[in-house]
Number of protein chains: 2
Amino acid sequence: MDYTDGYTLYTVSVGCQRKGGTMGSEQTPPGGGPSTFEFLWREGDRPRSSPGPRPGLSVTQVVMTAIAIADADGIDAVSMQQVAKRLQVTPMSLYRYVPSKKHLVEAMFDEASGAPPGLDAVPGGWQVRVEAWVTALWGRYQAHPWMLRAQVSQPIGPHQLAWFEALLAVLKDIGLTYEEMVSLALFLTGATQGLARISTDLARAAGEDDLIPFGEALAAVAHPDRFPTLSALRSAGTFDIPAGAYDIPAGAAGGATSTEPNLKFGLRQLIEGIEAHVAARAERG
Amino acid sequence: MDYTDGYTLYTVSVGCQRKGGTMGSEQTPPGGGPSTFEFLWREGDRPRSSPGPRPGLSVTQVVMTAIAIADADGIDAVSMQQVAKRLQVTPMSLYRYVPSKKHLVEAMFDEASGAPPGLDAVPGGWQVRVEAWVTALWGRYQAHPWMLRAQVSQPIGPHQLAWFEALLAVLKDIGLTYEEMVSLALFLTGATQGLARISTDLARAAGEDDLIPFGEALAAVAHPDRFPTLSALRSAGTFDIPAGAYDIPAGAAGGATSTEPNLKFGLRQLIEGIEAHVAARAERG
DNA sequence: GCCATCAGTATAGTCCATATACAGTTCCCG
DNA sequence: CGGGAACTGTATATGGACTATACTGATGGC
């Protein structure tokens, strides 16, 4: 169910730009276009054989190009003009495919999320599967760090729901209530994303020149009186960058990225807690 | 150590705008101004009795005004022009106090973080203190939801370090290694922030008109074949909004906000896992 | 062959961040 | 006490962003 369409045009299913300019203005939809949700779930090609010239691009092409720019130069480098330039069209023509930049960014996020890993084949218990899921998500963020800075309003795209589904499926029969399953799934998603964000920030600080590595910053201001614990940890070298632990793999091909140690530790303890929780419940009844 | 200064001017300590226009351009600092770090740790008033008119504003005033705008209308509403308008000055005059909008946003984030809670007074073990810390941080995010969307590059402001210190102090003597302490602290920070982000997104979707509530979105697309678990949960009503669970408290005074159930569940299991971890280690020797 | 439909474009409006130059104010120092 | 250095706030201008609007052609059904 990948969007490998050649001519998927959201305009057909939901309508985008106002038609002729001679029409009254009461035709504008209230929200200024389709909702993000409608756009992300847009479907189907334009019915073959309708009047007018064939479109030269596709939604997917626009989204992919934007992703390529974000991968290379960050989310801030993604502008309608940049995307248009890469596609050799004028900026305005993009609006034939994408209702607004906001919609584009949401589509970028969903598209970059990709398909979740197939976890049925993973040998071992649910614990291993959960870890595999988290690691895979972590990998997506490593491959597309801009995802952690993009402004997305809701996780309701097809790929995002597929990730959610995959995790819930793993958690389904381990002895949790429905509410607990959802809580845990949200927690895991949030924790992975939140920690990924922090980690890439720390990594960027260690690499870019106009930022300052965390340990260095601490050395400058972490006075033992005001920050005793931080001071102690810094003195012990805990914040010295552990040689590549914070590496961001170059390019977008970071498939097999190892889970970052900070994530792994918290995740292990969390899983252990869940194990105890369900074991206790099983015992009680 | 709160920035209640009346005339704190970062220009004194680090220099900001180029001086006269007649000078050569080789004076521009490489990064285009002071680093975020230097700016956040700017200190001290301008030495009393220096030539030139007294400044009419202060850094803190500018930052607070920006925060007020963000609280009211979101981070996107914060522009130099808006801030200037509120302060009844021209946009350019803000640059006497703030090197760039980026710096302003970072300062907003640190300022809005506020001081961490005093945890020494909290009765109970480290578990209770950790929960209190997380709840307090959660409260900050509820009070200033824009913090979850603001682009901050590094957690190195004074307040942010204070929060980090407070958490590490709690974790200091419970039987973890230094590396584990840091991992756990980062994990907790990331998890809280990540889940807060997701939760406010879900809450916003339930409230704003141009967004669609999660349950509704699911109902539209979650076919049992493609999303079996999601479907089942939805049918069971698990995604029906549990009456106010996702409320965002109005205004910025959300001090005593209750921790959101999704967060609490994950946190409890995590803490339990840590307990087991340190207990096992203690037993081994 | 008419014409509704549609793709791509050109233009322009509005907002944004900010570089640059300048006018007016204040205090130090001679 | 007066000149000059330092400093604040402003005016102006540049370049970029998103996108509304109106247009030019191209296409295919009737």
Side-chain angles (χ1 to χ4, degrees), chain A residues 7 9-12 15-25 27-29 32-33 45-59 61-62 66 75-85 87-105 151, chain B residues 7 9-12 15-25 27-29 32-33 45-59 61-62 66 75-85 87-105 151:
Chain A
Y7 292 106
L9 294 181
Y10 96 98
T11 37
V12 170
C16 158
Q17 245 185 5
R18 270 177 252 0
K19 302 307 162 57
T22 55
M23 293 217 158
S25 67
Q27 193 150 349
T28 312
D45 309 345
R46 160 151 74 121
R48 195 55 213 91
S49 84
S50 64
R54 219 72 47 81
L57 302 172
S58 68
V59 182
Q61 219 176 125
V62 173
I75 192 68
D76 289 342
V78 175
S79 72
M80 298 308 262
Q81 358 268 350
Q82 282 307 309
V83 176
K85 187 185 287 182
L87 289 169
Q88 316 225 37
V89 293
T90 59
M92 283 314 292
S93 68
L94 298 180
Y95 288 91
R96 293 277 169 206
Y97 302 91
V98 157
S100 76
K101 188 184 173 184
K102 251 188 151 87
H103 290 83
L104 171 59
V105 173
Q151 301 242 9
Chain B
Y7 291 105
L9 293 181
Y10 97 97
T11 37
V12 170
C16 159
Q17 245 186 2
R18 270 180 250 2
K19 301 309 162 54
T22 55
M23 294 216 157
S25 66
Q27 192 150 347
T28 311
D45 310 346
R46 159 151 75 119
R48 196 56 211 91
S49 83
S50 64
R54 218 71 46 81
L57 302 172
S58 69
V59 181
Q61 218 175 127
V62 173
I75 192 70
D76 288 343
V78 175
S79 72
M80 299 308 262
Q81 357 266 359
Q82 282 306 310
V83 176
K85 187 185 286 182
L87 289 168
Q88 316 224 37
V89 294
T90 59
M92 282 315 292
S93 68
L94 299 180
Y95 288 92
R96 293 279 169 206
Y97 302 90
V98 157
S100 77
K101 189 183 171 183
K102 252 190 152 85
H103 290 82
L104 171 59
V105 173
Q151 302 242 10

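Fair warning: this is a prediction, and the values are worked out from it, not measured in the lab. By convention in this document, chain letters (A, B, ...) are assigned in the order of the sequence lines, proteins followed by strands, and residues within each chain are numbered from 1.
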For [N], take OP1 and OP2 only and decide whether either is under 4.0 Å from a side-chain N or O of [X].
| X | N | answer |
| --- | --- | --- |
| R96(A) | dT9(C) | no |
| Y97(B) | dG9(D) | yes |
| S79(B) | dC16(C) | yes |

| message | On DNA chain D, does the nearest nucleotide to V89(B) precede the nearest nucleotide to S50(B) from the 5' side, or the other way round? Give the residue. | response | S50(B)
| message | Which is more 5' along DNA chain D, the nucleotide nearest T90(B) or the one nearest G52(B)? Just name the residue. | response | G52(B)
Of all the choices, [options], which nucleotide is nearest to the side chain of [X] once you look at every atom?
| X | options | value |
| --- | --- | --- |
| M92(A) | dA17(C), dG9(D), dT19(D) | dT19(D) |
| P91(B) | dT18(C), dG28(D), dA6(D) | dT18(C) |
| R54(A) | dG24(C), dG28(D), dA17(C) | dG28(D) |
| P55(B) | dA6(D), dC18(D), dT8(D) | dT8(D) |
| P53(A) | dT12(D), dG25(D), dA20(D) | dG25(D) |

Whole angstrom value for the distance that separates [atom2] of [N] from [atom1] of [X]:
| X | N | atom1 | atom2 | answer |
| --- | --- | --- | --- | --- |
| K102(B) | dC16(C) | NZ | C1' | 14 Å |
| K101(A) | dT19(D) | NZ | P | 8 Å |
| Y95(A) | dC18(D) | OH | P | 6 Å |
| Q61(A) | dG8(C) | CD | C1' | 15 Å |
| Q81(B) | dG9(D) | CD | P | 18 Å |
| M80(B) | dC16(C) | CE | P | 12 Å |
| K85(B) | dC16(C) | NZ | P | 8 Å |
| L94(A) | dA17(D) | CG | P | 12 Å |

Value rounded to 0.5 Å, distance of [atom1] in [X] from [atom2] in [Y]:
| X | Y | atom1 | atom2 | answer |
| --- | --- | --- | --- | --- |
| I75(B) | Q151(A) | CD1 | CD | 8.5 Å |
| L87(A) | K85(A) | CG | NZ | 12.5 Å |
| H103(A) | S100(A) | NE2 | OG | 5.0 Å |

| Exam field: side chain Y97(A) to backbone L57(A), donor-acceptor pair closer than 3.5 Å | yes
| request: Apply the side-chain contact (heavy atoms from CB on, under 4.5 Å) test between M80(A) and each candidate in T90(A), L104(A), V62(A); give the one that qualifies. | output: L104(A)
